[in-house]
Every structure is written in C-alpha cells, then in structure tokens.
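Numbers for residues simply follow the sequence, beginning at 1. Excluded from the calculations below are hydrogen atoms, water molecules and symmetry mates; all remaining heavy atoms, backbone and side chain alike, are included.
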Amino acid sequence: LTALKAALQVEPPPKPVRKGPSKFTMGDRVAANDKAPASLRGKHGAVSARGPKGDYGVLLDENGRVEYLESYWLDRE
C-alpha cells in the first residue's frame, strides 16, 4: 500500500514564469489609474519591487507604504 501511494504521488507543475519585457522598471514613477481600486486611484509613487504574478510593488508618496498593484492599474508619470 505504501508503495502504491508513493507511485501515485505526482509533483505539482512548476509555476509559470512570466516572459517578455517588464512594463516598468525599478524606480519608475507611476500613478494608479481609474482601473485601480477606489482607495488607490490617483495615488502616486515609485516602483520598488516586482511581484511573482506580474504585479508591482509601489512605494506610495502619500504614506511611505509599499502596495502591490496589478500592472494594468498603473500608468507611467
């Protein structure tokens, strides 16, 4: 039975890696557009990190916090 369980265990597929050029680079100035959640619209900041799902960490000017935002929520300033 143990051998059968071991034979049936399948490793999960690797997570997809986003390929292609990045929309933004570290330090780019960005603003949240009208597609962003209401609490973030119009906020300005600088890209400080790249998330694993194609999102970007943005260091907000307003409060100094890093918020992770989808790329389509951001416009270059």
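- The salt bridge (Lys or Arg N to Asp or Glu O under 4.0 Å) pairs that include a residue from residues 66-75 are R65-E67, where partners are two or more places apart or lie in different chains.
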CA sep, side-chain torsions, deciding dist, call: V58, L74, side-chain contact (heavy atoms from CB on, under 4.5 Å): CA-CA 10 Å; V58 177; L74 299 171; 4.0 Å; yes
side-chain contact (heavy atoms from CB on, under 4.5 Å) between L69 and L40, intermediate numbers included: CA-CA 9 Å; L69 306 174; L40 295 170; 3.1 Å; yes
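- No path of Ile, Leu, Val, Met, Phe, Trp and Tyr side chains, each step under 4.5 Å between heavy atoms, connects L59 with M26, placing them in separate hydrophobic clusters.
- Taking E62 as the reference, K43 meet the side chain to side chain donor-acceptor pair (under 3.5 Å) condition, with sequence neighbours excluded.
- Nearest heavy atom pair, residue S71 against residue G54, reads CB-O, 3.9 Å.
- Applying the ring-ring contact (aromatic ring centres under 6.0 Å, His included) definition to pairs two or more places apart or across chains, those involving residues 24-52 are F24-Y56.
- Annotation: the span from K35 atom NZ to W73 atom CH2 amounts to 12.0 Å, rounded to 0.5 Å.
- With sequence neighbours excluded, no residue satisfies salt bridge (Lys or Arg N to Asp or Glu O under 4.0 Å) with R41.
- Residues meeting the ring pair (Phe, Tyr, Trp, His ring centres under 6.0 Å) test with Y68, sequence neighbours left out: none.
- Between G27 and A46, the closest heavy-atom pair is O-CB, 4.3 Å.
- Residues forming a salt bridge (Lys or Arg N to Asp or Glu O under 4.0 Å) with D28 (at least two apart in sequence, or on another chain): R76.
- Remark: the backbone N or O of R50 is not paired with any side-chain donor or acceptor of D55 at under 3.5 angstrom.
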